[in-house]
Amino acid sequence: MIISEQKSREELLQSLEGLQRLFLIGCGACATACKSGGEEEIFQMQEWLVAEGRDVTGYIVIDEACHIMRAARDLRQHQGAVEEAEALLVLACGAGIQSISSGTDKRVIGALNSLFLGNIRRFGQFEEKCSLCGACILNETAGICPVTTCAKGLLNGPCGGMEEGKCEADRELDCAWHLIYERLKRQDRKGVFRRPVPPKDWSRRRKPGSHKIKK
Ligand code: SF4
Ligand code: SF4
């Protein structure tokens with residue numbers, strides 16, 4: 001899921017300068033799980049805006065704000081309140097914010113920062129495991145991603161800074177390549193470690209990404 005956090009109230013106030021009437025939009029998927037843009041956070045935002053002297057014309061929590069068609073459909077059901085607002089304040093990730101802004105000429109203000117694609121360790125604790133490089137090498141690295149987990153993103157580690165299995169960038173963290181080696185050893189696949197991983201084809205990560213599932 002996309003991990004996000006709320007922008008500081010100071011930053012939000014700057015973005016909202018000169019805007020009186022606002023319609024609030026949350027996301028029922030990732031932003032709800034991150035407690036950055038679900039129903040509870042929408043209510044808190046509404047309370048804060050009213051305390052700051054703003055008018056909230058209405059709100060909605062869209063199931064998945066990044067779904068362009070669904071977001072547009074759900075917003076149409078609140079057309080009056082949306083029209084009344086000078087701007088839409090969106091508590092969703094960057095994809096969700098742009099999904100909303102693609103369907104309107106109204107000003108759209110993003111209230112969140114998108115941080116990374118995250119795994120859930122437990123409620124409220126997320127870890128970055130994949131950077132969406134477009135050409136996955138997990139089959140060569142015992143299911144541990146060095147692109148993301150190694151501080152230098154090395155494809156053939158470990159580097160000379162590894163010490164007793166810890167990373168030179170942060171001695172609290174395990175070296176990704178040490179973890180890869182240990183897991184390959186447990187799987188009796190140490191030979192894989194000696195096989196150099198070829199240079200990565202970064203063209204697969206060209207922006208903006210677009211993908212159609214072939215039928
Ligand atoms: S190699 Fe790492 S960053 Fe690339 S797709 Fe696989 S898990 Fe994601
Ligand atoms: S110590 Fe390991 S994880 Fe840290 S930068 Fe070097 S190879 Fe990467």
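In each ligand, atom 1 is the first atom listed, and ligand 1 is the first ligand listed.
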### Task
Of the side chain and backbone of T148, name the one, both, or neither that has a heavy atom under 4.0 Å from an atom of ligand 1.
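It is the side chain that gets close, since no backbone atom is under 4.0 Å.
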### Query
Any idea which part of I137 is under 4.0 Å from ligand 1, heavy-atom wise: side chain, backbone, both or neither?
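Both parts.
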Regarding [X] and [Y], does a basic nitrogen lie under 4.0 Å from an acidic carboxylate oxygen?
X	Y	answer
E127	K129	yes
R107	E86	no
R171	E163	yes
E172	K166	no

### Query
Would you say C145 has an N, O or S atom lying under 2.8 Å from atom 2 (Fe) of ligand 1?
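A backbone or side-chain N, O or S atom of C145 is under 2.8 Å from atom 2 (Fe) of ligand 1.
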### Query
Short question: side chain of R21, backbone of E84 - any donor-acceptor pair under 3.5 Å?
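Between the backbone of E84 and the side chain of R21 there is a qualifying donor-acceptor contact (under 3.5 Å).
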### Task
Give a yes or no on whether the backbone of N113 and the side-chain of S4 come within a donor-acceptor separation of less than 3.5 Å.
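Not at all, since once roles are kept as given, no pair shorter than 3.5 Å links the two residues.
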#### Entry: Within-4.5 Å side-chain heavy-atom neighbours: K200 and C133
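Yes, at least one pair of side-chain atoms sits under 4.5 Å.
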### Query
atom 6 (Fe) of ligand 1: which of C136, P146, C133, C130 has the nearest heavy atom?
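Shortest heavy-atom distance from atom 6 (Fe) of ligand 1: C136.
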Looking only at protein heavy atoms, which one is nearest to [atom], and what is the separation?
atom	result
atom 4 (Fe) of ligand 2	C167 SG, 2.4 Å
atom 8 (Fe) of ligand 2	C150 SG, 2.3 Å
atom 2 (Fe) of ligand 2	C175 SG, 2.4 Å
atom 3 (S) of ligand 1	S131 N, 3.2 Å

### Message
Is it the case that over 12 heavy atoms from other parts of the model lie below 6.0 angstrom from the CZ atom of R54?
### Response
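More than 12 heavy atoms, drawn from other residues, nucleotides or ligands, come within 6.0 Å of this atom.
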### Neighbour count >12 (heavy atoms, 6.0 Å) for atom CG, D170
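Above 12, so yes.
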Under 4.0 Å from a heavy atom of [X]: which atoms of ligand 2 are those, numbered in the order shown and with their elements?
X	value
M162	1 (S)
P158	7 (S)
K152	5 (S)

### Query
Has C159 got any heavy atom lying under 4.0 angstrom from an atom of ligand 2?
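C159 counts as a contact of ligand 2 under the 4.0 Å cut-off.
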### Query
Does at least one non-hydrogen atom of A176 fall below 4.0 angstrom from an atom of ligand 2?
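Under 4.0 Å: yes for A176.
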### Task
Just jot down the ligand 1 atoms closer than 4.0 angstrom to any heavy atom of L132, in number order.
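Close to L132: 3 (S), 8 (Fe).
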